[in-house]
Amino acid sequence: MPNIKSSMKSIKKDRKRHLRNLAEKDRIRKARKDLMVAIANNDVEEAKRLLPLAHKALDQAAANNTIHKNAAARKKSKLALKVNAMQA
């Protein structure tokens, strides 16, 4: 445990950021999992409804620098491809 006041503050900030990042990543995983379940069940309407929610979760994570913006774009593209393949 550090003795320097600024180091103690830094540890507190790191802990808060870590918890925030965990919550953000959990939100992404849940949105993706819900969408993948709809895709697995061939539920086109449900998948169409869940795709924007998954995109929103990814965009928010990228805006908060939880994940890189290109990683978010890549994941959004993959999900959109899967939903579009269902419709065809």
Side-chain angles (χ1 to χ4, degrees):
M1 195 67 192
N3 296 327
I4 300 167
K5 192 170 187 176
S6 62
S7 295
M8 288 188 235
K9 287 180 182 179
S10 179
I11 286 176
K12 285 182 185 178
K13 284 168 55 176
D14 289 344
R15 192 173 300 134
K16 279 186 181 179
R17 285 189 198 120
H18 178 67
L19 292 174
R20 193 178 312 128
N21 288 343
L22 284 178
E24 195 82 43
K25 287 180 181 181
D26 188 46
R27 199 172 304 125
I28 292 170
R29 277 193 295 270
K30 184 179 180 333
R32 184 181 179 280
K33 184 178 177 184
D34 291 344
L35 181 59
M36 294 307 288
V37 166
I39 291 170
N41 293 336
N42 280 332
D43 191 353
V44 178
E45 294 303 316
E46 184 70 9
K48 279 184 181 179
R49 187 184 69 79
L50 291 172
L51 183 63
L53 298 177
H55 281 193
K56 183 178 180 182
L58 286 163
D59 286 337
Q60 285 177 337
N64 294 335
N65 291 322
T66 301
I67 60 172
H68 195 272
K69 65 178 185 167
N70 292 353
R74 185 178 64 245
K75 290 176 184 193
K76 285 167 46 177
S77 176
K78 283 254 194 188
L79 293 174
L81 282 173
K82 289 181 182 186
V83 172
N84 290 339
M86 282 178 58
Q87 295 173 1

K.L.:
List the residues meeting salt bridge (charged side-chain N to carboxylate O under 4.0 Å, His left out) with Asp34, not counting sequence neighbours, and say none if there are none.
P.N.:
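Result, salt bridge (charged side-chain N to carboxylate O under 4.0 Å, His left out) vs Asp34: Lys30.
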K.L.:
At their closest point, which heavy atom of Met8 faces which heavy atom of Asn3, and how far apart are they?
P.N.:
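For Met8 versus Asn3, the nearest heavy atoms are CE-O, 3.3 Å.
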K.L.:
Should Leu35 and Val83 count as side-chain neighbours, where that means a heavy-atom distance under 4.5 Å?
P.N.:
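Leu35 reaches Val83 side chain to side chain.
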K.L.:
Just verifying a value: how many Å separate Arg32 CZ and Lys78 NZ, rounded to the nearest 0.5 Å?
P.N.:
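Spacing of CZ (Arg32) from NZ (Lys78) equals 9.0 Å.
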K.L.:
Could you pull out all residues at least two apart from Asp43 that satisfy salt bridge (charged side-chain N to carboxylate O under 4.0 Å, His left out)?
P.N.:
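In terms of salt bridge (charged side-chain N to carboxylate O under 4.0 Å, His left out), with neighbours along the sequence ignored, Asp43 is linked to no residue.
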K.L.:
Might you point out which heavy atoms bring Ala54 and Ala31 nearest each other, and give the distance in Å?
P.N.:
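What the structure gives for the nearest pair is CA-CB, 3.9 Å.
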K.L.:
Less than 4.5 Å apart, side chain to side chain, heavy atoms only: is that true for Val37 and Glu46?
P.N.:
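Sidechains of Glu46 and Val37: no contact.
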K.L.:
Looking at every heavy atom in both Ile28 and Ala57, which two are closest together, and how far apart are they?
P.N.:
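Nearest pair, atom of Ile28 first, then Ala57: CG1-O, 4.0 Å.
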K.L.:
As an exercise, state the distance from CG of Leu58 to CG of Leu53, rounded to the nearest 0.5 Å.
P.N.:
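With rounding to 0.5 Å, CG (Leu58) is 11.0 Å from CG (Leu53).
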K.L.:
More than 12 heavy atoms of other residues, nucleotides or ligands under 6.0 Å from CG of Leu81: yes or no?
P.N.:
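Atom CG in Leu81 is crowded, with more than 12 foreign heavy atoms closer than 6.0 Å.
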K.L.:
Locate the shortest heavy-atom distance separating Arg27 from Gln60; write the atom from each residue and the value.
P.N.:
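It is NH1-OE1, 4.5 Å.
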K.L.:
CG/Asp26 to NZ/Lys33 distance, rounded to the nearest 0.5 angstrom?
P.N.:
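Answer rounded to 0.5 Å: 10.5 Å.
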K.L.:
Side chains of Gln87 and Lys48: does their closest heavy-atom pair fall under 4.5 Å?
P.N.:
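They are in contact (side-chain heavy atoms under 4.5 Å apart), so the answer is yes.
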K.L.:
Please report the interatomic distance OG(Ser77) to NE2(His55), rounded to the nearest 0.5 Å.
P.N.:
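Between atom OG of Ser77 and atom NE2 of His55 there are 8.0 Å.
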K.L.:
I need the His18 NE2 to Ile11 CD1 distance, nearest 0.5 Å.
P.N.:
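Those atoms lie 13.5 Å apart.
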K.L.:
Are any non-hydrogen side-chain atoms of Leu79 and Lys76 less than 4.5 angstrom apart?
P.N.:
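The answer is no, as the side chains (C-beta and beyond) never meet within the 4.5 Å cut-off.
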K.L.:
Between Arg17 and Asp14, is there a salt bridge with N-O shorter than 4.0 Å?
P.N.:
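The answer is yes: the pair qualifies as a salt bridge.
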K.L.:
Could you pull out the closest heavy-atom pair between Leu50 and Ala38, with the gap in Å?
P.N.:
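Taking every non-hydrogen atom into account, CD1-CB, 4.2 Å.
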